[in-house]
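Naming convention: chains lettered A, B, ... in sequence-line order (proteins, then strands); numbering from 1 in each chain.
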Number of protein chains: 2
Amino acid sequence: MTSEAPEHRRRDASATKAALLRAAQELFTERGYERTTVRDIADRAGVNQALLFRYFGTKEELFHVVLATESRVLIAESPAEQVLARTLAKMLSRDMDAAQDGVWLAALRSSGHDSAADAIRKQLGEDYTRVLGSLTDAEDADLRVDLVLAWIVGLGMLRTVVRKEPLVSADPGAVARLVLRAMSVLLERAETEPDC
Amino acid sequence: MTSEAPEHRRRDASATKAALLRAAQELFTERGYERTTVRDIADRAGVNQALLFRYFGTKEELFHVVLATESRVLIAESPAEQVLARTLAKMLSRDMDAAQDGVWLAALRSSGHDSAADAIRKQLGEDYTRVLGSLTDAEDADLRVDLVLAWIVGLGMLRTVVRKEPLVSADPGAVARLVLRAMSVLLERAETEPDC
DNA sequence: CTGAGATGTAAGCCTCCGCTTACATCACCG
DNA sequence: CGGTGATGTAAGCGGAGGCTTACATCTCAG
């Protein structure tokens, strides 16, 4: 940061690609797909616009790369019982604005026109369904998982795009506790097996 | 429908405005703000594009009118106990694609840049907070209402933009029952303050 | 009937944005 | 060194989309 004087950084394709990727991730989650321009991305990355196309081909392809990079980590390798809690914790973590996760919220927002993003969304949904579905033996387990998913998505929307108070500033732990308790009603095992 | 032959309908400014409004409402909820063009709107309304500007001034102003028209009806005049159930019922109703409600989902999707839409979202949030907050006496009532709001928003997103199955085709009654049961955990009245 | 305002239309202006091209500059290998 | 491929840059093309303008046509009051 403080050493930002040098006119020419040393040439380094992979660093440039990384900068573009990071800038794209941030901007897509801040503004959604349509409202971020390739010029914005290049500017934030401190890079010429043409390089974006050299390295990623297309705005849409770049979006896909961001999306894929991100979603790989999402389900993670947590045991099923903890996937929910960890997903929530991640989503509620304060450094959201640093744009770690949540690009997939951008995908959601601009959804409908992009088949590849659709595929990723679908995959993500299936991953969650598989993992969370194992937590309940209700016959409508898949539906219940969708409801859980809906809640997580809604929380993300309200936090990152609406920035609704008191949600944004609330203690993540408290929020997680409330949500998990309510969710346990949905994902309980046959009789009352709430686990917090 | 069958009498669609006549080349020139009788001139009628208010009918034209209404047609534009309806077309705008449908398209905004189908595609979100950014991805619908004024030409699309005018075409669907069967009207010359310039009229949109004559009657509404600006694409954004038209959006605001749609939003305002819509949100007026949202909270409605139901007793507090039923606001939730009715909101859910509306959101889950099959004729969603007919684009009755849900323009505010478009507002959510394209959010961040538009102060007037922000205001409407905020207002909507406050309305719900007031009404639903009266259902619980927990000290963090506002937060709990936000969580409920988040769930409703998420359900709308998953249904209308992601079109997630089995959520979309599920029996609305069953969905509502599940959701309301879980929500009641959030909005319960005091006694028994179990927290895990 | 007629003139004037209301309503509708065709055409196009202008800016933004995705993307390309032609070229300059660097870094590394012989 | 020198020269060749990799990296970076400036400029601009082409089309889309918001908005305007100039004009045609209707309709209704007087």
Inset, instruction - Measure from CG on A:Asp43 to P on C:dC17 and round the result to the nearest Å. - result: 11 Å
Inset, instruction - Look up atom OG1 in A:Thr160 and atom CE in A:Met91, then write down how far apart they are to the nearest 0.5 Å. - result: 7.0 Å
Legend entry - For B:Asp140, all residues meeting salt bridge (charged side-chain N to carboxylate O under 4.0 Å, His left out), sequence neighbours excluded: B:Arg144
Legend entry - Pairwise distance OG1(A:Thr37) to NZ(A:Lys59) - rounded to 0.5 angstrom: 7.0 Å
Inset, instruction - Mind listing the closest non-hydrogen atom pair of B:Leu187 and B:Thr136 along with its distance? - result: O-CB, 3.5 Å
Inset, instruction - Sort out for me which residue in A:Phe56, A:Phe28, A:Trp104 forms a ring-ring contact (aromatic ring centres under 6.0 Å, His included) with A:Phe63. - result: A:Phe28
Inset, instruction - Name the nucleic acid region contacted by B:Ser14, choosing base, sugar-phosphate or nothing; use a 4.0 angstrom heavy-atom cut-off, strictly under. - result: nothing
Legend entry - Sugar-phosphate or base contact per nucleotide [nucleotides 19-24 of chain D; S, B, -; heavy atom under 4.0 Å]: BBB---
Legend entry - Side-chain N,O (A:Thr16) to OP1/OP2 (D:dG8) below 4.0 Å: yes
Inset, instruction - Work out which heavy atom in B:Leu186 is nearest to a heavy atom in A:Ala182; give both atom names and the distance. - result: CG-CB, 4.2 Å
Legend entry - Axis bend over the full length of the helix from C:dC1-D:dG30 to C:dG30-D:dC1, computed from five pairs that close each end, to 10 degrees: 10°
Anything under 3.5 Å between a protein N or O and an N or O of nucleotides 28-30 of chain D, put it in a table, one pair a line.
residue, atom, partner, partner atom, Å
D:dC28, OP1, B:Arg10, NH2, 3.1
D:dC28, OP2, B:Arg10, NH2, 3.4

Inset, instruction - Starting from P on C:dC17, measure out to CZ on B:Arg35 and report it in whole angstrom. - result: 16 Å
Inset, instruction - Tell me, please, which residues at least two apart from A:Asp12 pass side chain to side chain donor-acceptor pair (under 3.5 Å). - result: A:Ser14
Legend entry - Value in whole Å for how far the P atom of C:dC17 lies from CD of B:Glu34: 11 Å
Legend entry - For B:Tyr55 against B:Ala13, the heavy-atom pair lying closest together: OH-CB, 3.4 Å
Inset, instruction - Check every strand shown and say whether B:Phe56 touches a base, only sugar-phosphate, or nothing at a heavy-atom separation below 4.0 Å. - result: nothing
Inset, instruction - Could you tell me which non-hydrogen atom of A:Thr29 sits nearest to which non-hydrogen atom of A:Arg109, and how far apart they are? - result: O-NH1, 3.7 Å
Using atom types as modelled, flag every donor-acceptor pair under 3.5 Å from a side chain in residues 145-152 of chain B to any protein atom, sequence neighbours excluded.
residue, atom, partner, partner atom, Å
B:Asp146, OD1, A:Lys164, NZ, 3.0
B:Asp146, OD2, A:Leu167, N, 3.0
B:Trp151, NE1, A:Leu147, O, 2.9

Legend entry - Spacing between B:Phe28 atom CZ and D:dG18 atom C1', to the nearest angstrom: 12 Å
Inset, instruction - Please report, rounded to the nearest Å, how far the C1' atom of C:dA11 is from the CG atom of B:Leu51. - result: 15 Å
Inset, instruction - Specify the closest pair of heavy atoms between A:Leu180 and A:Ala85, including all atoms of both residues, with the distance to one decimal. - result: CD1-CB, 4.1 Å
